[in-house]
Amino acid sequence: MNRHYFLLKAISLGHFRQHPWQFILMWAGLTASVTVVIAIYLASYSAHQNFLSASNLFTGKATHQIRGQTTIDEQLYVELKQRFNVSATPLLQANVWDNFKRQHYQLLAADLLLEDTLSSILGQPLTTLTIPLSQFIFSNAPPNALLLSSMSELPTDLQPSSQQFSHQNKSFQLNVLHLPPNQRHNNHGGWGADLLLMDIGSGQQVLNMTGQLSAINLVLTNDKQIELIKDWLPTSYALVSVNAERQALDNLANAFHLNLHALSLLAFIIGLFLMFNALRFSLQQRERLISQLRSLGIASKTIQKLIMCEVFFIASIASATGLLLGWLLANPMLTMVTQSINQFYYDLSQTKLQYSFPQFFVCWAFAVLIAVVCSSWPISQIAKRPPLQLVRTSHQLAHIHQRLLPYWQQIAVTCLLITLCMTMLPTGLIGGFIATATGLLGFALCLPQIVTTISRLSLSTKLSRQPLFIKMLLRDSQRQLHHTAYALMALLIAISASGGISLMVSSFHNAFQHWLQQRVNADLYIREAENSPTSTLLQTLYEQFAQNKQVASMSTYMSQHILWQDEQIKIQSGQWSQQTQDGMLFLKRPARLVWHDVLTKNHILVNEPLARRHQLTWGDSIKLNWAGHEETFTIAGVFYDYGSPQGQMWMPPFDYQRLIGDTKITGVAIYIAANNQADELIHVINKQWPQHHFVITQQQQIIARATQIFKQTFLITDVLNAIALGIALCAISAALMATQLARLPEMRLLHALGCNSLHRAGLLFAQPIFLGLITGVFAIPATLLQGWLLSEVINVRSFGWSIPLTPSFILIGQVFGLSITAAVLGSLYPIWKTLHASARQAGWE
Amino acid sequence: MSAHLLALSHISKSFAEQHQHHPLLRDLSLCVNQGEVIALIGASGSGKSTLLNIIAGIELPDTGRVSIEQTVLNQLSETDRTAFRRQHVGFIFQFFNLLPTLSVKENILLPLQLNQLAYDQAFFELLINSTQIEQLLYRYPDDLSGGEQQRVALCRALIHRPRLVLADEPTGSLDNETADQVFALLLNIAHQEQQTLILATHNLQLASQTDRVCRLVSGKVTEQSLP
C-alpha cells in the first residue's frame, strides 16, 4: 500500500502539483463533453417521453380515435354506441390557465364511470380508489376537479380549494382537490404537466362546449368493424389509428433528435480531444520520470495501472461534474427542443425534465469508460517502452511523426472516398452523418502534410534567405507537428463543422426568406375565429369581395388531414388566383407546365419533404383513400415547402370536393388593387362583420412571425453550435498553448543569448498564427464541403428540404477569423510567461 | 597597466525559500582585467552560476554594483541589459543549449543576426576550423554528439567577438579528452581575440591553466593559487 502511495505521489500527484493546468485541462475537457451530451440526451429523451406521456394521457388504452376538423358533435358518440356497441370514451381536452398561480394546466374531462381513459392515468378505475373521490367529483356542488400534480411538494391534504381558471378569455371557478401522491398509480411513466381531471358534463359546462367533444376514444380490434365505422362516419370526421399516427409522428421527429445527438457528439468528441491531448502532453512530460522509475525496477504494468488510476480518478470527477452541469443545462435545452418540435411536428405543451438516477449512473460509467479507453493506448505505449528508449528527443518524435504522415494520407483518401460513396448511394440519414464525419476527418488528416509541405516549400525558395527567426518558425512548425498535429486537426474539424452548420443555417435562412416572400404574396390572409357563429362566413366574404374594386384578386383555401402510407398528410385545395400560382416554386419542372396539368382532372402537387421521403417525382401516380373512397392521382409537380417537414398535397377544388366531399373554406387570401391600402380594406371588413368573427393577418405580420419562428427553431442549433465551438476554441487554444509552453526553455536560452522580449514574443506569437493561418485557409474548402453535405444530404434526408448553398464572404471570414482567434488565444499565456520568466534557468537541461 | 574590464563591488545576493532568506553571495568584490582568464571554483551551490548570471545581467544583485568598462549593468533596464549582453557577452552553458530548429551554421551565426552584424567569413572559418566542425555545418543539433554540440556552442559564444566570455562548467558534461580539447580551444581563441574569460568549473586541472583562480566560499571570493 505504501509503495503504491509513493509511486502514485511520484508519478501523478507530484506532477499535477507542478503542472495544475494539465489537470484542469483534462478535467475541463471531459466535463464539457459530458455536460453537452447529457443536456442534449436529457432534453431529447424528455421531449420524447413527454410526447408519449401526452399521447397516452389523451388516448389511454384506445386503439383508434375519432376526430373532427374542430370539435365533434356529442350526438355522434350516442349514435356510435347505439349502432356498433363498441367500447368508446368521449373526451374533452383544453389548456387552461390558473389566474392565481399563473400556470398552465391540461384539463381533461371524461366520462369517469367509463374509466377506460382514467385507467391509463390513475392505474385503476376511479371507483376502486380507497377514498371516495367519485363522491367528490360527482357531487352537486360547483364543478369539481381533481388536480393530479406532477409536483410532489403540493399540499397533500384532501381539503378542496376554490381556484379560478380561464380558457379563451372566459374565466370560471373550480373546486379543486389535490390528489396526494399515494393515491396515484401511474403506469405510463407519468403525466408531464399538471393535470386537471373532471367529469365531462362539468367540463362542457365550464368550457362553454355543451354538446361538443374533442375526440372519441375507441378500443377496436376487429378489422371489419373498423371498416364499417369508417364507412359510417360522416365525411367531416375521421377514424385514425392511434398507434400508426403516434408512430408516424414519432418517426418524423426521429431525424430531428438524431441531428441534435450528432451535434452533441461533435462537442463530445472535441471535449474528449481536449482531455486526450492534455493527457498525451502530460505523459510526454513525464517520460523522464517514468524512465527513472523503470530503471529503478518498477514494472511497466504497475506504472500503467497507476496512470490508469489517475485517469479514472480525473474522469470520475469530470463525469460527475459534467452530469451536474448537464442536468442544469437540460432544462433550457428542453424548452428549445420543445419549441422546435412544436414548430415542426406536433404540439408538445409539456416541458418536464424526465430522468432517473440509474440513467445518470449509466451515463457516468459510460463517460468514465470512454475516457479510460481513449487514454489506454498512449498509456500502454509509454509504459511498455524499455527504460533506455523511454526519453525521446523532439527530433526523434518529429521523425516518428513524419513517418506516419503517408499513412495518414492514405486514411484521408479512404475517408474522402467513403464520403463520396455515402453521398452518392441511398444510405439514409446515418449514411449522411457518416459522410459528414469522414469528410471532416479526411480533410483533417491532410492538414499535417499540408503544413509540412508549405514549410518545406517556404524554406526551399528564395524566401529562405530571410532572418533566422523565420527559419526557426518554419522548421519549428514542422518539428513540433507531433505536438500540434492533433490540435490543428481538431481545430479544422471544429471550425469546419461549425462553419458548415452556420453556412447551412444561413443558406436555409436565405432560401426560407425567398420562399416566404414568394409564397406569402397576398396582402391579407383571413380565417374564421374559433368562436365564429357559423362556418360559412368566409364563403360569404369571398363572394361579396370578389366584385369589390379594392380587391385585385382573391384565393381561397380548404384543407383536410388524411392518413397516407402511415403518415398524416394535409390535403389543401381552393380557388387559386394567378398571383397565388406564381408564388409556388417547383423543383425540376417549369411552373407553367405544372399548373397546366394541375388544372386538369386527377392531378396533384406534393411538397418536397413528402416527395423526398417517398421518392416521389412529377409523373408518378399515388392512390389516396378517404372514407373508403379511393382515387388515383398523378403528381404534376413537387413544390418547395420550407414551412414544415410534414407532408402536404395540393389538389384543385373539383378533385378535392369529389374525394373529401367538403366545400368549407378555411382561409381567404386577398390581393389588394393598386392605390388601395390594406388598413382600409380591414376597416371595411370589420365594419361589415363583427371584429371577433375573423382573424385578419397582414402579409408583413405573417412574414415577421414566420421569421421569428425560424430563428426560434434554429436557436437550439445555434446554441449547440456555439457550445461546441466554445469547447473547441478552449481545447485547441489549450493544445497550442501547451506546445508553446514546451518552448519556454528555448525562449530562456534566447533570452540569455540577448534576444529581446519583442523577438521572443514574436516567435511565440508567429508560430501559432502561421499554423492558424494554414488551418484557416484549409478550413474554407472543408467548411464549404460541410455546408454542402448538411444542406444537400443531411437536410434532404432528415427533413426533405433541398437548400441552395449561398456562401458569403462574412461567413468565410468568420471561419478564417476563428482559426486565427484560437491561435492567438493559444499564444497569449506563453507570451506572458516568457516575458515574465527569468533567463536564469537557461543553462539547465 | 591593464584596465579593469569588469568590476564587481560589494555584491550580495540571497534567495528566499519558505519565508527565509538564504544568503548566497555576501559583499563580494572582484575585478577582472581585459584579456584575463579567470577560473571560478567552489562547491556545488556556492553561487558560481549565480555570479556568472549577475555578471551577464541575467540576474540582478540585491546590493552592490556590476560594471563592465563604463557601464553599470545593474542600473540598466531589463531591455538594455539584454541588448548589452547580446553585444558584449558570450555565454557557454554546461548543457550546450543549441536551438534545435537551426542548423549548426545557423546556430553559430545567431548572435550576428541578433546584433545585425556583418558576417566575417574569415573569422567564421577560423572558428570552425579550430573547433573542427567544418563537416557539421548543415547538420542539426539533435544529430550531434555532446562534444560536437559543445564545440558549436563555443563558436556561437565567440562569433560576435564579445569582450567578455562567460562559461558555466562548459566541460562538465564531457569526457576528459573532449573536455581538454574544448577548453584548449576556448583558451586559444580567448587569447587570440584578447577576450576576457570567466570560467566556472569543478575541474582543478583545467582551472590551473587560467591566469587566476578564484574560490567562492561562504559567498565571498578568495584568490587561490593551485599547484
Side-chain angles (χ1 to χ4, degrees), chain A residues 391-400 402 455 459 464-483 742-763 766-767 770 834-845, chain B residues 15 48-50 52-54 56-60 77-103 105-116 140-144 146 153 156-157 160 162 166-170 172-173 200:
Chain A
V391 182
R392 293 166 295 179
T393 62
S394 297
H395 183 66
Q396 282 173 312
L397 289 170
H399 188 65
I400 293 168
Q402 287 296 323
S455 303
L459 283 164
S464 64
R465 291 188 189 150
Q466 350 70 354
L468 288 180
F469 286 116
I470 304 282
K471 286 186 183 173
M472 285 171 74
L473 160 75
L474 295 171
R475 288 189 192 136
D476 218 34
S477 301
Q478 278 186 67
R479 190 171 151 271
Q480 294 287 339
L481 266 179
H482 63 274
H483 275 319
R743 295 178 69 199
L744 287 184
E746 196 184 317
M747 293 301 130
R748 282 199 290 262
L749 173 66
L750 282 167
H751 190 187
L753 291 174
C755 182
N756 65 30
S757 44
L758 195 68
H759 273 131
R760 281 178 281 129
L763 263 177
Q767 198 198 24
F770 173 68
T834 193
L835 292 182
H836 289 83
S838 162
R840 190 154 53 93
Q841 293 172 338
W844 296 6
E845 173 66 324
Chain B
F15 287 100
K48 298 188 295 295
S49 296
T50 305
L52 288 185
N53 283 345
I54 287 173
I58 290 173
E59 281 185 78
L60 287 174
S77 67
E78 161 65 26
T79 314
D80 291 340
R81 281 202 312 277
T82 305
F84 184 87
R85 183 163 67 243
R86 186 167 69 215
Q87 288 157 20
H88 304 296
V89 181
F91 214 124
I92 305 167
F93 303 98
Q94 182 180 1
F95 292 108
F96 334 119
N97 281 284
L98 300 176
L99 290 164
T101 45
L102 296 181
S103 67
K105 186 179 177 184
E106 288 161 348
N107 259 293
I108 296 170
L109 296 180
L110 181 65
L112 295 180
Q113 286 263 347
L114 290 174
N115 286 304
Q116 296 179 314
Y140 283 84
D142 287 318
D143 300 331
L144 305 181
R156 185 181 64 187
H160 58 303
L166 304 172
D168 189 1
E169 300 188 29
S173 53

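The figures here come from the full heavy-atom set of this structure, side chains too, leaving out hydrogens, waters and symmetry mates. Each chain gets a letter, A, B and so on, in the order its sequence line appears, and its residues count up from 1.
- Contact of B:Gln87 with chain A is not made at all, since no heavy-atom distance falls under 4.5 Å.
- The closest side-chain heavy-atom distance from B:Glu106 to A:Arg475 is below 4.5 Å.
- Smallest separation of non-hydrogen atoms from B:Thr82 and A:Cys755: CG2-O, 3.6 Å.
- Taken to the nearest 0.5 Å, the CZ atom of B:Arg86 stands 11.5 Å off from the CG atom of A:Leu750.
- Put simply, CG on B:Asn115 and CG on A:Leu753 are 10.5 Å apart, with the number rounded to the nearest 0.5 Å.
- For the pair A:Leu758/B:Thr79, no side-chain contact is recorded, criterion being any heavy-atom separation below 4.5 Å from C-beta on.
- How far CG of B:Leu110 is from CE of A:Met472: 7.0 Å, rounded to the nearest 0.5 Å.
- Within the 4.5 angstrom heavy-atom criterion, no atom of A:Leu473 approaches chain B.
- Listed here is the closest heavy atom pair of A:His751 and B:Arg85: O-NH2, 2.6 Å.
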